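These values consider heavy atoms only, across backbone and side chains, with no hydrogens, waters or symmetry-generated copies. Read the numbers this way: they start at 1 and go in the same order the structure lists the ligands and their atoms. This is a predicted model, so every value here is computed, not measured.
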Amino acid sequence: MSQGLYHHSLRAERLPLRINMATIAIVGAGMGGLSALNKLKQQHHQVHVFDKSRGSGGRLASKKVADVSWDMGAQFMRAHTQEFAQQLQHWQQQGWIERWSFDPWVIDAQGARPSADGVERYVGVSRMTALSRQLLQAADEFHASTRIVACQWQASGWWLQDEQQQSHGPYDALVLNLPPQQAQPLLDASPELQARCDVAMQPCWTLLLAFEQPLATPFDAAFVKQGPLGWIARNNSKPQRQPGETWVLQAQHGWSGQHLEHSKQHVTEALLQAFWSALQLAPQTPTEHWLHRWLYAISPQPLQRGALSDLPKRLTVCGDWCDRGAVEGAWLSGQQAANDLLTVLE
Ligand SMILES: Cc1cc2nc3c(=O)[nH]c(=O)nc-3n(C[C@H](O)[C@H](O)[C@H](O)COP(=O)(O)OP(=O)(O)OC[C@H]3O[C@@H](n4cnc5c(N)ncnc54)[C@H](O)[C@@H]3O)c2cc1C
């Protein structure tokens, strides 16, 4: 399917109006793209997935340093809708996710206290990315480490160009599952959708820590409502994680934005100080640590409209920011993107 761009014009046949077995490209192997993939495969279309990273999952990310690993992006999944609740149940039956049973605490100016909120939270086992790997199995081809830099709509269909100047296509339909800032440059063929990508995303500084001994704190996870931190969690309290004391610290989005260009050392020190203060423990030296800056972590005002589609061009754009800012929103958006395409493919 890869060939030089100059070959495109030689394949100028007209697309049929209905395609029973279409070849579809999905750019972005996060939850939105994987959701669309599985829906499209139910109708037996050929689906090729591209991602700039070495693996799948996107913000459903895990990080390994030496022999320690953490969930570096999404911490858990929860359902607000019946559809996603059913999907979680299905994945649980498959053994791909498990319930993470814990009572989150709240830490604010009044102190630390349990908040039995009754929410059912689920995690991929044995890490969040494990779920994405299962979902990716449905793909006919996965092009890892392939950053797409241009998408062209021609008479023969969609052509994708990667940063190595390789061309991929033609495809009968295209799904772009990317944060809006990364989707925008790929949408020259559809100025209307391009304009809809004007959606803000907030950043999140994330610090991962490992310790020799368990930290003496009564909770496994807490929502922090003061200072730089927003969330802290004992990663090894999740089911099927490897032994060893590991913590994930996420900064508040506002604080992350204000400190976006600060040095890693400054951010690490500020988050560590806030962590020990939240735990009311004397500082200890971690055995491993890793700091990550998520530039496009979450949308404060997602579009709440499922997906954005340009159906005459068999093009659809999805992702959490099109629906709601969570794994659930990404999954729902991917379903909508696939449903939109199916109306013009079948
Ligand atoms: C720190 C953090 C904590 C979070 N916590 C939670 C939580 O606890 N619960 C929850 O429900 N949600 C949480 N979220 C949000 C959740 O992770 C996202 O809503 C969801 O994973 C988004 O999925 P997506 O498919 O829309 O996008 P993404 O996962 O961002 O997927 C986009 C993919 O596109 C790829 N890509 C980008 N540009 C290109 C290109 N040019 N070419 C090829 N590939 C490209 C990327 O590599 C990525 O894999 C969190 C997010 C972050 C960052």
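The nearest non-hydrogen atom to atom 31 (O) of ligand 1, considering only Gly30, Gly334, Ala183, Gly230, comes from Gly30.
With hydrogens and angles ignored, the 3.5 Å screen pairs a side-chain donor or acceptor of Asn236 with a backbone N or O of Thr246. Not one N or O on the side chain of Asp71 forms a donor-acceptor pair closer than 3.5 Å with the backbone of Gln75. Within the 3.5 Å criterion, the main-chain N or O of Gln335 finds a donor-acceptor partner in the side chain of Ser35. Judged purely by atom type and a 3.5 angstrom limit, Thr316 has no side-chain atom pairing as donor or acceptor with the backbone of Ser309. In this structure, Arg234 contributes its side chain and Thr217 its backbone to a donor-acceptor pair below 3.5 Å. Under a 3.5 Å cut-off, the side chain of Asp51 and the backbone N or O of Ser56 do not form any donor-acceptor pair. At least one donor-acceptor pair under 3.5 Å links the side chain of Ser115 to the backbone N or O of Pro104. A donor-acceptor pair is defined here as one N or O able to donate and one able to accept, closer than 3.5 Å; no such pair exists between the side chain of Ser333 and the backbone of Cys318. Listed for the Arg241 side chain is a donor-acceptor partner under 3.5 Å among the backbone atoms of Pro239. Under the 3.5 Å distance criterion, the side-chain polar atoms of Thr268 are matched with a main-chain donor or acceptor of Lys264.
Residue Ser53 approaches ligand 1 through these ligand atoms, each under 4.0 Å from one of its heavy atoms: 47 (O). Atoms of ligand 1 lying under 4.0 Å from at least one heavy atom of Gln182, given by number and element, are 37 (C), 38 (N). Atoms of ligand 1 lying under 4.0 Å from any heavy atom of Arg147, numbered from 1 in the order shown and given with element: 41 (N), 42 (N). Residue Ala297 approaches ligand 1 through these ligand atoms, each under 4.0 Å from one of its heavy atoms: 51 (C), 53 (C). Using a 4.0 Å cut-off to heavy atoms of Gly319, the atoms of ligand 1 that qualify are 26 (O). Taking every non-hydrogen atom of Gly57 and a distance limit under 4.0 Å, the qualifying atoms of ligand 1 come out as 29 (O). Residue Ile298 has at least one heavy-atom neighbour below 4.0 Å for each of these atoms of ligand 1: 14 (N), 15 (C). For ligand 1 and Thr146, the ligand atoms under 4.0 Å from any heavy atom of the residue are 42 (N), 43 (C).
The shortest distance between side-chain heavy atoms of Lys238 and Phe102 does not fall below 4.5 Å.
Polar contact check, Gly325 against ligand 1: no nitrogen or oxygen pair lies under 3.5 Å apart. Every N/O-N/O distance between Leu178 and ligand 1 stays at or above 3.5 Å. For Glu328, no nitrogen or oxygen atom sits less than 3.5 Å from a nitrogen or oxygen atom of ligand 1, counting backbone and side chain alike. Taking only nitrogen or oxygen atoms, main chain and side chain alike, Val327 reaches within less than 3.5 Å of ligand 1. Considering backbone and side-chain N/O of Gly32, one or more are found under 3.5 Å from N/O of ligand 1. At under 3.5 Å, not a single nitrogen or oxygen of Cys204, backbone or side chain, sits near a nitrogen or oxygen of ligand 1. Residue Arg59 has at least one N or O atom closer than 3.5 Å to an N or O atom of ligand 1.
Looking at atom 26 (O) of ligand 1, its nearest protein heavy atom turns out to be Asp320 N, 2.9 Å. The single protein non-hydrogen atom nearest to atom 4 (C) of ligand 1 is Ala74 CA, 3.4 Å, given as residue, atom name and distance. Scanning all protein heavy atoms for the shortest distance to atom 44 (N) of ligand 1 gives Lys52 N, 3.1 Å. Looking only at protein heavy atoms, the nearest one to atom 9 (N) of ligand 1 is Phe76 O, 2.7 Å. The protein atom (non-hydrogen) at minimum distance from atom 41 (N) of ligand 1 is Ile148 O, 3.0 Å. Among all non-hydrogen protein atoms, the one lying nearest atom 8 (O) of ligand 1 is Gln75 N, 3.0 Å. Nearest protein heavy-atom contact of atom 47 (O) of ligand 1 is Asp51 OD1, 2.7 Å. What sits closest to atom 23 (O) of ligand 1 on the protein, heavy atoms only, is Ala330 CB, 3.4 Å.
The backbone and the side chain of Asn177 each have at least one atom closer than 4.0 Å to an atom of ligand 1 (non-hydrogen atoms only). In Gln250, the part holding a heavy atom less than 4.0 Å from any atom of ligand 1 is the side chain.
A heavy-atom separation below 4.0 Å is not found between Gly329 and ligand 1. Residue-ligand proximity: Val149 is placed with every non-hydrogen atom at 4.0 Å or more from ligand 1. No heavy atom of Ala61 sits closer than 4.0 Å to any atom of ligand 1.
Distance CD1/Ile298 to CD/Gln202: 8.5 Å, rounded to 0.5 Å.
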Item to check | Check against side-chain contact (heavy atoms from CB on, under 4.5 Å), Leu131 and Met31 | outcome: CA-CA 9 Å; Leu131 172 63; Met31 179 53 84; 3.7 Å; yes
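Ionic pairing of Asp108 and Arg113 is present here: one or more N-O contacts between side-chain nitrogen and carboxylate oxygen are shorter than 4.0 angstrom.
Pro203 and His253 make their closest contact through O-ND1, 2.9 Å (heavy atoms, listed as atom of the first residue, atom of the second, distance).
Trp91 and Tyr122 have their aromatic ring centers separated by at least 6.0 angstrom. The aromatic ring centres of His48 and His168 sit 6.0 Å or more apart.
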